[in-house]
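Taking it in order: structure first as C-alpha cells, then the write-up.
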There are 2 protein chains.
Amino acid sequence: MAEIETSSTETAAAGTVIGASVPLTGVRSAKKLATRQTLLDAALRLMEQQSLSSLGLREVTREAGIAPAAFYRHFADLGELGVALVEESLGSMHELIRDIRTPDAETEDVMRRTVDVVVAHVRANVPHFRFVARERHGGVAAVRAAIAAQLDTFIDELVEDLKLQPESEGWDSQELRVLARLYVNVIMLTVADLLDSGLENPLEEARIVAEALTQLRLVTVGRLHWPTDRP
Amino acid sequence: MAEIETSSTETAAAGTVIGASVPLTGVRSAKKLATRQTLLDAALRLMEQQSLSSLGLREVTREAGIAPAAFYRHFADLGELGVALVEESLGSMHELIRDIRTPDAETEDVMRRTVDVVVAHVRANVPHFRFVARERHGGVAAVRAAIAAQLDTFIDELVEDLKLQPESEGWDSQELRVLARLYVNVIMLTVADLLDSGLENPLEEARIVAEALTQLRLVTVGRLHWPTDRP
DNA sequence: CAAGAGAGCGAACAGTCGTTCACCGAGTGA
DNA sequence: TCACTCGGTGAACGACTGTTCGCTCTCTTG
C-alpha cells in the first residue's frame, strides 16, 4: 500500500531519460520498461551495502541478469540511473504527504501523523531511502542535484501550508522557508537514523521516533514564541 | 591558524592504526609519519570530486607519488585510511570549540561565536569537511561509525554545558541530549550547505550563515518556552 | 662497526572494468 | 505478408584493479 510502485508510467516519462521512448503502449515498450525496472531494482539491491559511485555497470547488469551492453539501451551511465532512482524514491512521497495536510488540524496532530506516515513509508521502502540518505551528500553531482530539487519541492509545499496558518502572521516567505527547511531536515535526519540503527530494533525505533517528535515540537514552540515585533 | 595540523603525534598515536608503530622519535619513524601524511593528503585531494568507496588504492598511491605496495606499510585498506581522516578532521575541533564556551556568556553570543568559528574552520579545511559531510552517511561502515563517535563526543560536551545553565532546570540528561543533537545537526547541515554552494559565493555564504543562526535561535526560543510542568 | 629491522620499490598475478561492434530475432506498421 | 525497427546478445578491446613477493638501501640497535 505504501510501497513505491515500480513500473508507473509517471516514472518512465519523467525528464530526458534515454529509455522510455515515445510509444507508451505495445508489447515492445512494455518489455523495455520491465527490463529498465529490473536494472533499477538490481542497482538498488546492490546499493544496500555500497554507494552509487562504487557501483559497477557490469555489476548491475550481472545482478539484473542482462548483458552489459544492454544497459546502454536504457541509461547513458550509472549517474543517469541514479537520477531515475531519485525520482522513484521521492516522487511518490508528494501525494502521500498531501493527504496528511488537512487544513484545520492541530499542529501537534499534523506532526505526529507526518512522522507516522514517513516511518511507515520508509519501512516499506528501505532500499530506496537508504539510497537517498547515502547519496544526498554523495559523490555523484547529478544525483545530489536531483535530491536537492525534490527536497526543495517538499519545502515549497510546506511553506504554502505554513502561510495559511494564523500563527504565521508577521512572517514573510523567506523566514517561513528557513523554518520549513529545518522541519524537513529534522525529518530527513530521522530517516537516516532509522535506517542505520533503528529498523530491526523496536526499542531504538521508538527512541528515534520520540526524539524526532520532540525536536519538531521544539521548533514549533520556538516558532510560536518568536519575537515578531522586530523593527 | 585554524588549519588542521597534519603531522601531530596525537593523530598518529590514535587507535589501532597499522602505521605509527611504537617508537615516537628517530629519523625512521618521522619519515614514516611523513609519507603516511602524504597518503592522507593525496586521498583527501582526490575525494574533493569523488567518495571514499569509489577511490582506488593505486589511485591514491599514484597521487602521493608512492609505490602501491608501500600503502600496506601504513593502512590495511582504504577504510582504515578513512578512519584516520575522520580523526584528523573532527579531532581538532574539540579544543577549538572548548575555547568558545565561556560559562557566563549570553546564549546568543555563544551561538554567534560558534557559527563564526565553525565557518572559519571549514573555510580553512574545505577538503576535510567535504570528506566528513560526504562519508557521514556514506558506503563505508567503519568510517560512518568513526564520524558518529566523534559527533557523539561533541554532543556529550554540549550536554555538559547545557546542564550548567539555569534555563535547563526541569530538563533531565536524556532531554538535553535530544536538544544537543538538534543543535549539532543544524551545524553539520550548515557545513554541508556551505561546502556545496556557499564558499565561493559571498552572498550565498551570508544567506546560509544567517539561516543557521535563525534556526539555532528558533530551537533556543523553543527550549526557553518548553512546557516543563509535565506530570 | 656489524647485524638487524623495516620502509619503499618494481614486477608479476589473475581479475574486473567500461565500451564498441556486428548480429539475431521478436514485435511493429504498411 | 513483408520490410523494418530496435531491445538484447556475445565476443573482443585495452586499461586498470588489489595483492604478493623478493629485493635494496637506509636507519637503528647492540
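As the structure is a prediction and not an experimental result, all values here were calculated from the model. Proteins come first, then strands; the chains are lettered A, B, ... in the order of their sequence lines, and each starts at number 1.
If you check distances only, the side chain of A:R28 never reaches the base of D:dG7 with a donor-acceptor pair under 3.5 Å.
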Pairs under 3.5 angstrom only: tabulate donor-acceptor contacts from the side chains of residues 60-67 of chain A to other protein residues two or more places apart or in another chain.
residue, atom, partner, partner atom, Å
A:T61, OG1, A:L57, O, 3.3
A:T61, OG1, A:R58, O, 2.9
A:E63, OE2, A:R45, NH1, 2.6

Which atom pairs link the protein and nucleotides 1-3 of chain C when you take only N or O atoms and keep those under 3.5 Å?
none

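Considering only residues two or more places apart in sequence or on other chains, A:F131 meets the ring-ring contact (aromatic ring centres under 6.0 Å, His included) condition with none of them. For B:V118, the side chain to side chain contact (heavy atoms under 4.5 Å, CB included) partners two or more places apart in sequence, or in a different chain, are B:M93, B:T114, B:V122, B:I187, B:V191. Partners of A:D161 under the side chain to side chain donor-acceptor pair (under 3.5 Å) rule, at least two apart in sequence or in another chain, are A:R101. B:E59 pairs by the side chain to side chain donor-acceptor pair (under 3.5 Å) definition with B:Q50, not counting sequence neighbours.
OP1 or OP2 of D:dT17 has at least one side-chain nitrogen or oxygen of B:R62 nearer than 4.0 Å. Within the 4.0 Å cut-off from OP1 or OP2 of D:dT20, not a single side-chain nitrogen or oxygen of B:Y72 is found. Phosphate contact (OP1/OP2 of D:dG8, side-chain N/O of A:T35, threshold under 4.0 Å): present.
Side-chain proximity of A:A67 to the nucleotides D:dC21, C:dT19, D:dT9 is greatest for D:dT9.
Summarising the geometry, the separation between CD on A:E80 and C1' on C:dG18 is reported as 16 Å, rounded to the nearest angstrom. Summarising the geometry, the separation between CZ on B:R36 and P on C:dA7 is reported as 13 Å, rounded to the nearest angstrom. Rounded to whole angstrom, the span from the CZ atom of A:R73 across to the P atom of C:dA22 amounts to 12 Å. Between the CG atom of B:L33 and the P atom of C:dG8 there is a distance of 10 Å, rounded to whole Å. Summarising the geometry, the separation between NZ on B:K32 and P on C:dG8 is reported as 7 Å, rounded to the nearest angstrom. Across the protein-nucleic acid pair, B:E63 atom CD and D:dT17 atom P stand 13 Å apart, rounded to whole Å. In this structure, A:I66 atom CD1 and C:dG18 atom C1' are separated by 17 Å, rounded to whole Å. Rounded to whole Å, the distance from CG on B:L81 to C1' on D:dG18 is 15 Å.
A residue-by-residue look at B:D77 and B:K31 shows that B:D77 has its nearest nucleotide of DNA chain D further toward the 5' end.
The minimum heavy-atom distance linking B:V143 with B:G79 is given by the pair CG2-O, 3.8 Å. The shortest heavy-atom contact between B:V186 and B:A212 is CG1-O, 4.3 Å.
The salt bridge (charged side-chain N to carboxylate O under 4.0 Å, His left out) contacts involving residues 130-154 of chain A comprise A:D152-A:R177, where partners must be two or more places apart or lie in separate chains. The stretch residues 199-211 of chain B participates, sequence neighbours left out, in these salt bridge (charged side-chain N to carboxylate O under 4.0 Å, His left out) pairs: A:R181-B:E211, B:R123-B:E205, B:E204-B:R207, B:R207-B:E211. Pairs passing the ring-ring contact (aromatic ring centres under 6.0 Å, His included) check and including a residue from residues 136-155 of chain B, sequence neighbours excluded, read B:H94-B:F154. Sequence neighbours left out, not one pair with a member in residues 185-216 of chain A passes ring-ring contact (aromatic ring centres under 6.0 Å, His included).
Non-hydrogen atoms lying under 4.0 Å from DNA chain C are contributed by A:G56, A:L57, A:R58, all within residues 42-61 of chain A.
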- Dot-bracket, DNA chain C: Watson-Crick or G-U, under 3.5 angstrom, [ ] crossing, | other strand? |.|.||||||||.||||.||||||||||||
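No donor-acceptor pair closer than 3.5 Å links the side chain of A:S51 to the backbone N or O of A:M47.
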